[in-house]
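Here is how names work: the chains are called A, B, and so on, in the same order as the sequence lines, proteins then strands, and each is numbered from 1.
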There are 4 protein chains.
Amino acid sequence: MKKTGAKNARAAILKAADQLFGKWGFDATSTREIAERSGVNKALIHYHFKNKDALLESVLDQYYQKLAGVLLAVINRPGSAEQNLHLLIDLYLDFLSENLNFSRIVQRESAGGKHLGRIQKHLVPIFQAGSRLVQGGYPESKSGELSAQHLIISFYGMIVSWFTYSRVIEHLLDKDPLGKKELELRRRHLHRMLDLILEPLARR
Amino acid sequence: MKKTGAKNARAAILKAADQLFGKWGFDATSTREIAERSGVNKALIHYHFKNKDALLESVLDQYYQKLAGVLLAVINRPGSAEQNLHLLIDLYLDFLSENLNFSRIVQRESAGGKHLGRIQKHLVPIFQAGSRLVQGGYPESKSGELSAQHLIISFYGMIVSWFTYSRVIEHLLDKDPLGKKELELRRRHLHRMLDLILEPLARR
Amino acid sequence: MKKTGAKNARAAILKAADQLFGKWGFDATSTREIAERSGVNKALIHYHFKNKDALLESVLDQYYQKLAGVLLAVINRPGSAEQNLHLLIDLYLDFLSENLNFSRIVQRESAGGKHLGRIQKHLVPIFQAGSRLVQGGYPESKSGELSAQHLIISFYGMIVSWFTYSRVIEHLLDKDPLGKKELELRRRHLHRMLDLILEPLARR
Amino acid sequence: MKKTGAKNARAAILKAADQLFGKWGFDATSTREIAERSGVNKALIHYHFKNKDALLESVLDQYYQKLAGVLLAVINRPGSAEQNLHLLIDLYLDFLSENLNFSRIVQRESAGGKHLGRIQKHLVPIFQAGSRLVQGGYPESKSGELSAQHLIISFYGMIVSWFTYSRVIEHLLDKDPLGKKELELRRRHLHRMLDLILEPLARR
DNA sequence: GATGAATGAGCGTTCATTCAT
DNA sequence: AATGAATGAACGCTCATTCAT
């Protein structure tokens with residue numbers, strides 16, 4: 001139908017795969033569906049990607065490449081740790097709300113399965129960088145119950161759960177949690193949480 | 001081969017399904033694998049369960065039934081909201097650490113897909129009960145950036161992320177996050193987080 | 001559910017099998033459906049009948065036994081061949097209209113398949129008896145284009161096609177061909193056809 | 001194995017399906033058997049046909065398309081109704097004797113079941129056209145016991161029963177009813193039957 | 001680059017039948 | 001006489017992938 005150029009086909013496949021993996025999950029999505037949605041021949045998927053696994057990993061890599069750029073900017077920035085952590089929340093929220101399929105794909109694959117390695121490869125450095133950021137500003141957080149690692153995991157959990165559980169939350173709020181207004185409220189919640197945690201941490 | 005009693009076969013199927021769904025996910029698990037692991041004939045699965053979907057829902061229902069009992073005990077308990085919220089964290093942690101597959105299954109299915117409805121049915125009331133518990137003790141949390149709903153989602157995210165991302169976290173800590181020692185540390189972290197959040201909330 | 005006596009169960013199975021074989025055909029009917037419709041346990045079918053094939057053959061045998069009684073009465077009757085042939089039409093019509101599933105089952109099984117032998121066993125003697133009846137009254141019909149055998153096949157075809165094609169004919173007439181009025185008209189048609197054929201045959 | 005052109009495979013599947021459906025019936029024929037007989041991969045059947053039902057309907061549609069061409073030629077022909085009805089018998093006989101599976105498939109499916117609709121769609125117009133042909137030549141046949149509709153059903157029954165009951169008739173005649181000689185005799189029988197019916201009808 | 005045809009493997013499911021009670 | 005549990009075989013169908021063009 002649509003005659004797309006070479007690059008368009010690859011991009012169309014990636015886009016369709018992203019949408020379907022996000023909505024139904026990797027294993028519940030067939031290459032036939034991806035081909036139909038992207039308007040390309042089924043066999044063409046295997047011309048552009050080694051196999052279905054490689055297609056998922058391409059989707060993931062693409063996301064994490066974009067995300068890495070965002071996070072690097074924060075980490076290499078001058079400024080206080082506090083400011084940078086607040087910035088981190090903002091940027092992560094922005095990224096997730098602009099890439100709604102991303103958190104759902106990661107949600108499923110990080111729970112285990114054949115693509116866990118790829119998730120680990122990308123996510124561990126992010127957690128490490130975040131931990132270093134906290135430790136840089138808060139020396140007390142080297143270990144113990146308020147260690148940087150626990151704090152990072154907690155904030156990561158707070159942030160992404162809003163997106164990964166959005167289909168549950170929408171029944172709790174009777175509103176779309178991903179709508180502009182509700183997202184803004186969530187943003188303020190997260191910043192307040194950070195303030196409430198960091199203040200006593202700094203006082204020690 | 002083995003002529004086991006009726007309840008044995010059904011239970012064996014449920015157990016095998018739980019393990020495989022937890023490890024690989026619903027769609028990546030075949031009924032043949034479930035049959036092999038549970039040592040029953042493949043057709044027997046469809047004798048005891050209408051279909052594969054119903055098998056997953058049985059697994060889920062079983063978990064949420066157990067969980068509901070636990071949570072009900074907390075909610076109907078006398079005592080301050082603060083005490084009860086701390087208890088909630090303890091019991092939820094206990095439940096998840098004793099049912100490691102549970103959080104992984106929920107993790108994947110709550111991200112969307114054909115079983116989302118079942119997740120919503122169970123999880124929304126839990127969130128609602130939790131929110132009521134917070135509001136009962138902290139009238140300020142009726143709305144706004146520190147609303148009970150946001151607090152519950154945040155703590156839910158903090159708690160479960162330790163389990164659902166355990167395979168990532170183990171590379172961050174170079175330890176098993178689900179080992180006794182690390183779980184204990186996580187528990188203390190969560191209680192401290194709750195203290196840090198509730199204290200200023202009470203002061204208002 | 002229903003506690004049926006021993007003979008009731010067997011009869012209930014036969015009745016349900018008759019209905020389902022008639023409506024959907026032997027191969028499209030499962031023993032499970034027969035068990036459900038007859039309100040008995042699935043395994044009980046194999047207690048009363050050797051297997052599914054034997055069940056169909058029981059249904060067929062039952063019909064042909066009833067039918068044989070009817071036809072024998074005609075053949076052994078005194079009276080002219082003409083009168084007896086008219087009577088044969090009446091009785092066959094009566095039998096088919098009272099046993100609507102019968103012609104449909106025969107229709108399908110006589111076209112070929114594993115039960116063809118049983119059909120042949122019952123139907124060949126009927127055709128032979130009919131042929132003898134014609135030849136007894138019309139000596140000219142020993143051979144040739146108006147042989148008794150061709151005449152019997154033709155009238156058999158005329159009679160049963162009204163029943164076996166009833167679901168097609170109902171769209172041709174915009175009426176139920178098996179309703180009382182239309183059946184009566186068909187009866188008169190068949191008698192007229194017989195008159196038109198026999199008259200010139202007698203004149204020779 | 002064999003890389004045949006596209007049309008070969010499709011045609012081979014249709015041919016094998018026709019033979020097996022004719023011999024054993026739709027429900028008693030498995031896709032595996034069709035694949036084996038046609039020498040193609042089992043999955044290829046579902047590449048060329050949506051499902052097994054669609055395969056049967058393709059077989060049917062193919063037959064009725066051929067048949068429609070034959071019948072149209074008769075109906076649009078000049079000449080007396082009598083001549084055309086005789087021609088109709090000849091052509092229908094020719095068609096059935098050249099397509100022996102056809103009448104057996106129709107025989108079974110017209111008795112009821114999931115493909116009844118397809119049979120009705122094709123057969124009702126044929127009956128209507130035939131009825132119009134009779135009525136055109138014999139105005140008396142508008143209604144009543146010798147109505148065109150009854151006459152058409154009767155002749156249809158006479159014609160097809162020779163084929164659909166051939167496996168029974170062969171035991172009656174001790175000859176192959178579908179052999180050249182016996183078919184020729186049947187043809188003469190049917191023409192005589194038509195003469196015997198039409199003559200008095202014309203005289204009125 | 002792109003595609004229609006083709007394939008081996010496996011899917012979830014249902015089947016008729018048997019077994020133990 | 002009756003039944004819940006169990007089974008091996010087969011069902012129609014879809015899968016990811018490959019091939020030839």
When rounded to the nearest 0.5 angstrom, what is the spacing between [atom1] in [X] and [atom2] in [Y]?
| X | Y | atom1 | atom2 | answer |
| --- | --- | --- | --- | --- |
| C:Lys52 | C:Asp27 | NZ | CG | 5.5 Å |
| A:Phe102 | A:Gln62 | CZ | CD | 11.5 Å |
| A:Ser38 | A:Ile45 | OG | CD1 | 5.5 Å |

Check the distance between [N]'s [atom2] and [X]'s [atom1] and give it to me in whole angstrom.
| X | N | atom1 | atom2 | answer |
| --- | --- | --- | --- | --- |
| B:Asp27 | E:dG12 | CG | C1' | 12 Å |
| D:Phe49 | F:dG12 | CZ | C1' | 15 Å |
| C:Ile45 | F:dA1 | CD1 | C1' | 14 Å |
| A:Ile13 | E:dG1 | CD1 | P | 12 Å |
| B:Leu56 | E:dG12 | CG | C1' | 15 Å |
| B:Leu44 | F:dG4 | CG | P | 15 Å |
| C:Arg10 | F:dA2 | CZ | C1' | 16 Å |
| C:Lys52 | F:dA9 | NZ | P | 19 Å |

Could I get the full list of side chain to side chain donor-acceptor pair (under 3.5 Å) partners for [X], not counting sequence neighbours?
| X | value |
| --- | --- |
| C:Lys23 | none |
| B:Thr29 | none |
| D:Glu33 | D:Ser30 |

Using only modelled atom types and a 3.5 angstrom limit, is any donor from either the side chain of C:Lys42 or the base of E:dT17 paired with an acceptor on the other?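 Side chain to base: pair found, below 3.5 Å.
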Base-pairing string, 5' to 3', of DNA chain E - Watson-Crick or wobble, under 3.5 Å, | interstrand: .||||||||||||||||||||
Check every atom of E:dT7, F:dT3, E:dT13 against the side chain of B:Asn51 and return the nucleotide holding the closest atom.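 The nucleotide sitting nearest to the side chain is E:dT13.
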Nearest to the side chain of B:Asn41, which nucleotide is it out of F:dT7, F:dG4, F:dC15?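 Among the listed nucleotides, the one closest to the side chain of B:Asn41 is F:dT7.
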When you measure from the side-chain N and O atoms of [X] to the phosphate of [N], is any distance below 4.0 Å, counting only OP1 and OP2?
| X | N | result |
| --- | --- | --- |
| A:His46 | F:dT17 | yes |
| B:His48 | F:dA6 | yes |
| D:Tyr47 | E:dA5 | yes |

Mapping D:Ala43 and A:Lys50 onto DNA chain F by nearest heavy atom, which one lands closer to the 5' end?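 Result: D:Ala43.
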Qualifying residues under side-chain contact (heavy atoms from CB on, under 4.5 Å), relative to C:Lys66, sequence neighbours excluded: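 Partners of C:Lys66 by the side-chain contact (heavy atoms from CB on, under 4.5 Å) criterion, ordered by chain and then number, come out as C:Phe95, C:Asn99.
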Does any N or O in the side chain of D:Arg108 come within less than 3.5 Å of the main-chain N or O of D:Gly22, such that one atom is a donor and the other an acceptor?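 Checking the backbone N and O of D:Gly22 against the side chain of D:Arg108, a donor-acceptor pair under 3.5 Å is found.
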Can you name the one residue among A:Lys121, A:Lys50, A:His115, A:Arg118 that meets side chain to side chain donor-acceptor pair (under 3.5 Å) with A:Glu57?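 For A:Glu57, the side chain to side chain donor-acceptor pair (under 3.5 Å) test succeeds with only one of A:Lys121, A:Lys50, A:His115, A:Arg118, which is A:Arg118.
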Please list, in numerical order, the residues of residues 30-37 of chain D that have a heavy atom closer than 4.0 Å to any atom of DNA chain F.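 Going residue by residue through residues 30-37 of chain D, the ones with a heavy atom under 4.0 Å of DNA chain F turn out to be D:Ser30, D:Thr31, D:Arg32.
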List the steps, then state whether side-chain contact (heavy atoms from CB on, under 4.5 Å) holds for B:Leu56 with B:Glu109. CA-CA 10 Å; B:Leu56 172 64; B:Glu109 302 307 326; 4.0 Å; yes
